[in-house]
Amino acid sequence: MLDVARIRGQFPILAQTVGGKPLAYLDNAATTQKPQSVLDALARYYAAGNANIHRGVYALSQDATRAYEAARGKVAAFLNAAEPAEIVFTRNATEGINLVAQTFGRRRIGAGDEVVISGMEHHSNIVPWQIVCGEKGARLRVAPFSDTGELLVDELAALLGPRTRLVSIVHMSNSLGTVNPVERVVDLAHRQGIPVLVDGAQAAYHMPVDVQAIGCDFYVVTGHKLYGPTGIGALYGRRALLEAMPPYQGGGDMISSVTFERTTYNEVPHRFEAGTPHIAGAVGLGAALDFITGVGFDAIVAHERRLLDYATRALSAVPGLRLVGTAANKASILSFVLEGVHAHDIGTIVDTEGVAIRTGHHCTQPVMDRLGVPATARASLALYNTTGEIDQLVAALTKVRQLFG
Ligand SMILES: *Cc1c(COP(=O)(O)O)cnc(C)c1O
């Protein structure tokens with residue numbers, strides 16, 4: 001069992017009040033808060049460990065290099081990659097997808113080829129493919145989902161063919177909460193020799209991720225949703241694929257030698273990390289993964305499951321409220337609409353009660369179009385949330401109903 005009071009004690013930001021009301025932070029799908037251990041790791045790094053990496057011969061630089069590479073090892077272990085060299089540090093999940101699109105994608109996708117995504121992708125798993133497909137004369141194909149928000153796997157399978165160069169699919173939808181059967185998708189694609197990228201930005205802090213068990217070729221995560229700092233993320237790629245990929249950006253650290261005639265590139269993963277990386281961010285992300293592992297996914301999954309069930313019941317009882325996204329396999333996200341009230345009004349009014357939720361399209365405009373809603377309000381849960389905060393949300397929604405009654 002997860003000791004939620006003890007966990008909350010490790011997140012200084014959660015103790016604050018908003019306009020005299022206790023903060024109920026329910027916008028975790030946008031970004032999560034940071035435990036003290038992450039704040040300490042960042043401060044300690046800058047106070048005592050800061051130096052540039054990979055080049056210095058002095059002790060401080062070597063320590064910084066070790067700390068950065070140790071963080072890579074922690075990401076590899078967290079995702080169960082075969083080796084740390086399969087982890088490329090990025091700015092965020094978005095950059096991980098763009099990196100694959102601009103290297104692997106540009107080399108592999110040609111005129112008449114196809115890339116398959118799903119209808120519930122975040123904009124960051126749509127636009128990079130539109131850019132490459134537009135440039136190459138290739139076609140972006142979209143596998144649909146049902147009214148409840150479930151991926152129609154048979155329809156996805158029907159889209160796969162000899163022209164498919166890549167499948168890129170979200171593990172867990174940030175607007176619907178749906179957890180997609182990514183192992184099945186990988187299996188279907190691999191039978192036809194098609195590689196698969198999985199967008200794990202939303203999944204990775206809610207459930208254990210094992211990239212080898214999933215069998216995917218690429219997997220992206222973002223540090224700021226993993227209770228870590230902003231500005232750091234990671235791309236997992238199978239070593240053989242990374243080695244065959246051209247560089248993404250040119251500059252320092254990604255080369256092994258440079259003359260004006262010819263440059264040879266560094267080995268993976270350094271080939272994809274041009275310039276001075278976010279060293280402190282990587283160290284902070286390492287501390288965040290230690291924090292998650294310390295709590296343990298058994299406890300996290302059970303706690304968030306209980307909260308999701310509680311919140312689903314409580315919200316369903318609010319008159320005029322309709323949940324959007326009710327897949328059988330979903331996690332930690334409650335999108336909803338309230339009859340006669342615009343989502344932005346909901347968000348503004350519940351804020352006056354201390355409740356932080358997101359309203360809008362959640363960077364998934366096609367999901368809103370598919371479901372015929374302009375926007376939703378979204379409460380999203382993390383390991384430090386409580387049933388009391390759900391009650392606070394429901395009470396605030398009752399106030400919304402009164403104002404618009
Ligand atoms: C948050 C999110 C992203 C984008 O993450 P960034 O940190 O903004 O790059 C992509 N996909 C999903 C499913 C997300 O939830």
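Order of appearance sets the numbers: ligands from 1, and atoms from 1 within every ligand.
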Exercise. Relative to ligand 1, is Lys225 under 4.0 angstrom through side chain, backbone, both or neither, heavy atoms considered?
Worked result: side chain
Seminar exercise, completed: Ala201 heavy atoms within 4.0 Å reach ligand 1 at atoms 2 (C), 3 (C), 10 (C), 11 (N), 12 (C), 14 (C)
Problem set entry | Set of residues satisfying salt bridge (charged side-chain N to carboxylate O under 4.0 Å, His left out) with respect to Glu273, sequence neighbours excluded | Arg72
For this session: Can you pull out the closest protein heavy atom to atom 11 (N) of ligand 1? Residue, atom name and distance to 0.1 Å, please.
Result: Asp199 OD2, 2.6 Å
Exercise. Val170 heavy atoms, cut-off 4.0 Å: which ligand 1 atoms fall inside?
Worked result: 13 (C)
With a cut-off of 3.5 Å and sequence neighbours excluded, list every side-chain donor-acceptor pair involving residues 386-395.
{"residue": "Thr386", "atom": "OG1", "partner": "Gly388", "partner atom": "N", "Å": "3.3"}
{"residue": "Thr386", "atom": "OG1", "partner": "Glu389", "partner atom": "N", "Å": "3.1"}
{"residue": "Glu389", "atom": "OE1", "partner": "Arg8", "partner atom": "NH1", "Å": "3.3"}
{"residue": "Glu389", "atom": "OE1", "partner": "Asn385", "partner atom": "ND2", "Å": "2.8"}
{"residue": "Glu389", "atom": "OE1", "partner": "Thr386", "partner atom": "N", "Å": "2.9"}
{"residue": "Glu389", "atom": "OE2", "partner": "Arg8", "partner atom": "NH1", "Å": "3.3"}
{"residue": "Glu389", "atom": "OE2", "partner": "Arg8", "partner atom": "NH2", "Å": "3.3"}
{"residue": "Asp391", "atom": "OD1", "partner": "Tyr310", "partner atom": "OH", "Å": "2.6"}
{"residue": "Asp391", "atom": "OD2", "partner": "Tyr310", "partner atom": "OH", "Å": "3.2"}
{"residue": "Gln392", "atom": "NE2", "partner": "Pro22", "partner atom": "O", "Å": "2.8"}
{"residue": "Gln392", "atom": "NE2", "partner": "Glu353", "partner atom": "O", "Å": "3.0"}

Problem set entry | Protein heavy-atom partner closest to atom 8 (O) of ligand 1 - residue, atom, separation in Å | Thr94 OG1, 3.7 Å
Problem set entry | Electrostatic pair Asp290:Lys74 at N-O distance under 4.0 angstrom | yes
Exercise. For ligand 1, which part of Thr222 has a heavy atom less than 4.0 Å away: the side chain, the backbone, both, or neither?
Worked result: side chain
Exercise. Which of the numbered atoms in ligand 1 are below 4.0 angstrom from a heavy atom of Asn174?
Worked result: 13 (C), 15 (O)
For this session: Say whether Gln202, considering both its backbone and side-chain N or O atoms, lies within less than 3.5 Å of an N or O atom on ligand 1.
Result: yes
For this session: Heavy-atom contacts with Asn92 under 4.0 Å: which atoms of ligand 1 show up? List them by number with element.
Result: 6 (P), 7 (O), 9 (O)
Exercise. Ring centres of Tyr25 and Phe11 under 6.0 Å apart?
Worked result: no
Exercise. To which protein heavy atom is atom 10 (C) of ligand 1 closest, and what is the distance rounded to 0.1 Å?
Worked result: Ser124 OG, 3.2 Å
Problem set entry | Ala93 contact mode with ligand 1 (heavy-atom cut-off under 4.0 Å) | both
Exercise. Between CG of Asp27 and CZ of Arg358, what distance do you get to the nearest 0.5 Å?
Worked result: 4.5 Å
For this session: Name the orientation class of the two ring planes belonging to His171 and Tyr219 (parallel below 30°, tilted from 30 to 60°, perpendicular beyond 60°).
Result: perpendicular
Exercise. Between Tyr68 and Phe89, what is the ring plane arrangement, given parallel below 30°, perpendicular above 60°, and tilted in between?
Worked result: tilted
Problem set entry | Sub-6.0 Å ring centroid separation between His362 and His122 | no
Problem set entry | Part of His224 within contact of ligand 1 (heavy atoms, under 4.0 Å) | side chain
